[in-house]
Amino acid sequence: MSNKTANNTRLGLFVSLSIALLITGIYFIGKKQQLFGNTFIVNSVFKDISGLQIGNNVRYSGINVGIIDNIEQITDTTVKVEMLLDESTRKYIRKNAKAIIGSDGLMGNKIVVITPGTPDKAQLANNDNIQTAQAISLDDILLKIKISSDNAADITTNLGLIVRNISNGKGTVGKLFMDTVFAENINQTLINIKQGAGGFDNNMKAASKSVFLRGFFKKKKK
Amino acid sequence: MKDCVIEITHVKKSFGSNCVLADISLNLQKGENLVILGKSGSGKSVLIKCLVGLIPIDEGNIRVFNQDLSALNAHELNALRRKIGFLFQSAALYDSMTVRENLEFPLRISKTINNTERDALVTEALKNVGLETVIDKLPSELSGGMRKRVGLARTLILKPELILYDEPTTGLDPITAGEISELILEIQKKYNTSSVIITHDVECARKVANRIIIIKDGAPVATGTFAQLSESEDAWIRSFFNKN
Amino acid sequence: MATTNSAASEKKEVAVIVPVESRNPYTLFIRPILHEVAMLARFCALFFKEVFAPPYELKELIRQCFLIGYKSFPLVAITGFIMGLVLTIQSRPTLAQFGAESWLPAMVAVSIIREIGPVITALIFAGKAGSGIGAELASMKVTEQIDAMEVSGINPFKYLVVTRIIASTFMLPLLVIASDAVSLYGAYIGVNLKGDVSFQLFFLKVFEKLSFSDLFPAVIKTFFFGFMVALISCYKGYNSNKGTVGVGESANASVVLASLSIFILDMIAVQLTSLIT
């Protein structure tokens, strides 16, 4: 009989421990989802929520302060997002705070980021609306990158054309590099200049020996 | 007949195309030890299971304590069954329970019994079969003969008016088998029960029977006392008795 | 007619309905399967009929909870621990390719809670408890213990089958939760074999990615797993009628069919979960 009691005790222990584990799990998951603490509601109206889902996190100063509670299409171009925020963060969020949709890392979940307002404005009340700022979505960035790269492509095409023209000897610069006659002319010119300079040198030597200019040269040597 | 404990009339039972009970009619008087003798596979075990409604019959009528089995609902059937003791071939002790728990098991339905009464009943039942010492053992620790006796104690605990024995001596050595036969007689005297004993053990039949019915291919072929039947003119019946 | 009696008559019909002489595939394969399904459905219906009607076998229920639940715990815990450890070790290289090793705890936790924990535990449970139930009931059937209960006026279905099915239905979810916890501990050790993550951080990371939609469907489906394992094992054991050979067959069939049914139920559960969330 005592054996049976012992078995029952063990069974009871096992059952209570397992149930305790389950409750712990529920508590910790629930804590994350803000189910059991004091919360307040904040609304925002967005034009585009970029795939934000109910349950996504809301961040303020990089801290998770709440979750998305509800998402509702209110007109053909606007979506109302209801956020459930932790009561303790209310004192930091001012009426002119702004909500932006961002994402958690490059491939992570969508989040709502609340940017701080200014301390001179009042605190948020329950069910308040806060303004939104257009988020820079990844698509925007990609669009910008595309424009830049299109431009870059144009530039490189033009550059290519110029280089081709140069190599074909078109225009002044092309002539400069590619026309052999022109180069020969320049060469000849240079030779002529050299010869000219040689003649000038002889003239100068002759001049230094001449009687009239001797004094001038002597002075220079000193 | 008022003293008729069991009345079977034209009972038929077949499993598929295999006819087990062809056409059986018999009755059991109060206080009588009826032995049903037959070869293995002659349908004896099926017959005895039909008597407590374990196997439903195809045709015919079984009345036990003047109640028609097929007309009873589950509750009435259970009430009737509690007046019948059934000793199974293998004793059918519950492996997971000790001897005490085995004996207490049939008592669990009656809520009127308190702990002291229950203990008294268990001890008494074990004393009847001479096995008070094994009360806290598990069936696996008992020998075949002991199990049969514990099984008998378990059937006795509800003080049945009718006891059905399914091959009580099978698988036992002749001496133990003899002891079991003695026990059957003893109990019958002590509690004034009526019994149906299914067996192919002629020795057991000789010891306990007031009346013997021989069954062949699902139908009774002869009825009588041991002495009458062993002197039978039918060679097949005589061969039955002359084996030993 | 009495429920116990009709149960008895159904048992005997098995031999009647399947004729031997026919050789076409329908009568050879499909009809026996359909027949088996129908019998199982009846068995299940009988369970629901008996489970609410008094008397309630509370003592036996607790005993079965102990035998089925508590006694399976060490096995389940060992399997759970190894699964957590191995899963973590195996997932690390793939995540490392993306430089996302910090996701390891969360990823392993989601796999364990959603899928690995319930299914592996249920399979182990089917192997341990299912075969046990199948073999025990079959041997009780063979040695006429079930008949003995019936003739002593106690409903064996209620005493043997109902208690086991209830015990299994409620014990498996608890086992799964316990196994999940041990698995996560195994995962923690797995993470720390090649990295250095504090228990606190691991714990935070695990719960960061878990949500109720991971936990609840997983827990709810284990009730069905537990029910199915016991239902099939009890059915196989209770209807065993081939003597000693039948005991082994029943135990074997219990495990095979129960394991199969776990996968089928799991598939249904996943479909339902994805419909809801």
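Convention: sequence-line order gives letters A, B, ...; per-chain numbering from 1.
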Which residue, B:Asp166, B:Ile55, B:Leu54, forms the side-chain contact (heavy atoms from CB on, under 4.5 Å) with C:Asp147? B:Leu54

Intermediate values then yes/no, side chain to side chain contact (heavy atoms under 4.5 Å, CB included), C:Arg63 and B:Ser96: CA-CA 11 Å; C:Arg63 203 177 74 91; B:Ser96 57; 3.5 Å; yes

For atom NZ of B:Lys127, is the number of surrounding heavy atoms from other residues, nucleotides or ligands below 6.0 Å larger than 12? no

Quick test of your reading: applying salt bridge (charged side-chain N to carboxylate O under 4.0 Å, His left out), list the pairs with at least one residue in residues 230-239 of chain C, sequence neighbours left out, ordered by first then second residue. C:Glu36-C:Lys236

Below 4.0 angstrom, N of the basic side chain to O of the carboxylate: do C:Lys59 and B:Glu101 qualify? no

Check each atom of C:Glu57 against the heavy atoms of chain B and say whether the ones under 4.5 Å are side chain, backbone, both or neither. side chain

When rounded to the nearest 0.5 Å, the distance separating OG of C:Ser152 from CZ of B:Arg82 is 7.0 Å

Tell me, side chain or backbone of B:Gln89 under 4.5 Å from chain C's heavy atoms, or both, or neither? both

Between CD of C:Glu60 and CZ of B:Phe105, what distance do you get to the nearest 0.5 Å? 7.5 Å

Could you check whether atom CZ of C:Phe227 has more than 12 heavy atoms from other residues, nucleotides or ligands sitting under 6.0 Å from it? yes

Pairwise distance OH(B:Tyr94) to OH(C:Tyr159) - rounded to 0.5 angstrom: 8.5 Å

If you count the non-hydrogen atoms of other residues, nucleotides and ligands that lie under 6.0 Å from NZ in B:Lys83, is the total more than 12? yes

Of the backbone (N, CA, C, O) and the side chain (C-beta and beyond), which part of B:Leu80 lies under 4.5 Å from a heavy atom of chain C, both, or neither? neither

Considering residues at least two apart in sequence or located in another chain, which fulfil the side-chain hydrogen bond (donor to acceptor under 3.5 Å, both in side chains) criterion with B:Glu124? B:Tyr191

Could you measure the distance from the CD atom of C:Gln145 to the CZ atom of B:Phe88? Nearest 0.5 Å is fine. 10.0 Å

To the nearest 0.5 Å, tell me how far C:Glu144 CD sits from B:Leu93 CG. 11.5 Å

